[in-house]
Amino acid sequence: MSETNQIPAVSPVKEPSSFRLISALAIAGLFSGILLATTYSLTLPRIQANKEAALKNAIFAVLPGSADYIILKRSGDTLEEVRLGAGDNQNEEEIVYAGYNTMKELTGFAIPGEEPGFQDIIGVIVGYDPVLRSIIGFEVLESKETPGLGDKIFKDMDFQQNFTMLKVEPEILVVKKGQKTRDNEVEAITGATISSKAVVVLLNKSMGAWVSVIDNYMKKNDIKLAGHGAKK
Amino acid sequence: MEQKNNMSAEEFLKGLWKENPVFVAVLGMCPALAVTNSAINALAMGLATTFVLVSSSLLVSLFRNIIPKQVRITAYIVIIATFVTVVDFLLAAYTPVVHKELGAFIALIVVNCLILGRQEAFASKNRAGLALADALGMSFGFTFALLCIGVIREVLGNGSLFGIGVFGEGYEPWVIMILPPGGFFALGFLLLAFNGVTERRKNKAKLKDLN
């Protein structure tokens, strides 16, 4: 590039000084910075509101009857309520959400989790009922699974049906479609075995990590579940 | 004045067909293949690119005599990257669903050679009015091309258009069309059709000349 630029050096056009080059870029950078900072601060509240709304919708979807939720953070072998602003980094491994209905009664716990699927990380949130010891709702937050096959983990109603009342103990098992006989079995999606299994691995992992902690929390604070948990 | 308008119109129209960035120049293949799995995604990507190209071209043209030649590419990239980031924030704030679907490809508008190419080839050498016409033409041509690919892929691969079913229940979608290979199939056939039409027009014009 420098060579082609040096050819017209014979022409009367003078080479600009380094100072001019630097100041031209500095000014460009300055304006760019101002524009970016302005846009950022103008859009930030909306972006955060969107994120919060998406999370809220997911929590309410997996915990039927909820109208409000609180954020609980793991502390030792129990849970503690924390208040997080939308800007705070929410480390999902350490956090669950407790849903409450309009009567301020507990509706269950929404547990976020992640697991590598067929293409990329699958991020989900599940509703857990500690009295029924069952998963009562399931929502995929993030997935790049194959359209038409793996994406059935959130598009296929039959698969979703698995999670309206799924016992989590002793552990969740995958069976072929149409072979479900027990309460703790999930019918896999035909043609998307890897995605289905990834979901089940994920569920077992997060249940293993959270069930006892949630039990401790309920016992310690003597919290009762609304009605008898899941209303279908 | 008359001539001025004619020139602008010409610069605008060339991007739509004669120098269409996707079908003729084959530029911007990354977004043209990657985010055209549905009509709405294709349209959103086209409009985001339009915003970036038009704003960058206008700015580059206005400052064409101030930006020193030696640092022009750097300056163009700063300008382009700024507008891309602005569009990224705006989409995240106002259309979070589209933003999530397009994902990393919004940030990648920075490296769309169509945009840098227009700055270097046109905006930096022409007055603002012409640069604007050129940028608008090129972006609409780009959006049109993306929309063509997106419509074909969504209709065949999902049996819907803009999310609304078009074939009814009995239709078994050609899933491959919304997978990556479908992008190549759709683009290939469109290029074939486009070149066929152009060729025929050329031949007709030749015949006319001979007569």
Side-chain angles (χ1 to χ4, degrees), chain A residues 1-2 4-6 8-9 11 13-55 57 119-120 123 141-152 155 191-192, chain B residues 34 37-38 41 51 55-56 59-60 62-101 103-104 120 153-154 156-160 172-182:
Chain A
M1 192 175 113
S2 62
T4 49
N5 280 342
Q6 272 161 16
S11 73
V13 179
K14 241 179 38 186
E15 280 276 307
S17 66
S18 307
F19 177 73
R20 226 199 118 211
L21 301 184
I22 294 170
S23 52
L25 283 182
I27 291 169
L30 182 71
F31 277 108
S32 154
I34 292 172
L35 186 57
L36 287 185
T38 317
T39 326
Y40 180 73
S41 48
L42 287 180
T43 51
L44 189 64
R46 254 199 104 96
I47 293 174
Q48 281 178 346
N50 286 342
K51 269 190 190 160
E52 241 170 79
L55 179 68
N57 284 341
Q119 307 253 17
D120 200 353
L141 296 177
E142 227 185 307
S143 145
K144 295 196 177 71
E145 297 306 284
T146 321
L149 297 170
D151 70 347
K152 287 191 184 158
K155 285 189 178 155
Chain B
N37 52 3
S38 73
N41 286 358
F51 172 78
S55 337
S56 312
L59 218 59
V60 165
L62 286 175
F63 292 113
R64 69 185 184 281
N65 296 324
I66 303 171
I67 301 172
K69 264 207 146 25
Q70 289 80 353
V71 292
R72 66 185 190 285
I73 302 284
T74 324
Y76 300 162
I77 289 291
V78 170
I79 292 171
I80 296 168
T82 307
F83 284 117
V84 169
T85 316
V86 167
V87 119
D88 194 13
F89 287 148
L90 290 178
L91 285 178
Y94 294 99
T95 54
V97 179
V98 172
H99 183 262
K100 207 177 152 197
E101 286 275 319
E120 176 73 357
R153 290 180 70 184
E154 192 184 340
L156 295 178
N158 204 24
S160 64
E172 183 62 37
W174 309 2
V175 173
I176 188 126
M177 290 308 286
I178 41 175
L179 299 181

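Convention: sequence-line order gives letters A, B, ...; per-chain numbering from 1.
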Quick one: which of A:Thr39, A:Leu44, A:Leu42 has the most heavy-atom pairs under 4.5 Å with chain B, could you say?
A:Thr39
If you count heavy-atom pairs under 4.5 Å with chain B, which of A:Gly29, A:Ala24, A:Pro16 comes out on top?
A:Pro16
Could you give the distance from [atom1] ([X]) to [atom2] ([Y]), rounded to the nearest 0.5 Å?
| X | Y | atom1 | atom2 | answer |
| --- | --- | --- | --- | --- |
| B:Ile79 | A:Leu35 | CD1 | CG | 11.0 Å |
| B:Asp88 | A:Ile47 | CG | CD1 | 8.0 Å |
| B:Phe89 | A:Leu36 | CZ | CG | 6.5 Å |
| A:Thr43 | B:Leu91 | OG1 | CG | 10.5 Å |

Could you tell me which portion of B:Phe63 (side chain, backbone, both or neither) has an atom closer than 4.5 angstrom to a non-hydrogen atom of chain A?
neither
Provide the closest heavy-atom pair for A:Asn50 versus B:Pro96 in the form atom of the first, atom of the second, distance.
ND2-CG, 3.6 Å
Scanning both residues in full, the closest heavy-atom pair of B:Asn65 with A:Arg20 reads O-NH2, 4.5 Å
If you count heavy-atom pairs within less than 4.5 Å of chain A, which of B:Thr82, B:Leu59, B:Thr74, B:Leu90 leads?
B:Thr82
Under 4.5 Å to a heavy atom of chain B? For A:Leu25 that would be side chain
Could you point out which residue of B:Val78, B:Val86, B:Thr85 forms a side-chain contact (heavy atoms from CB on, under 4.5 Å) with A:Ser32?
B:Val78
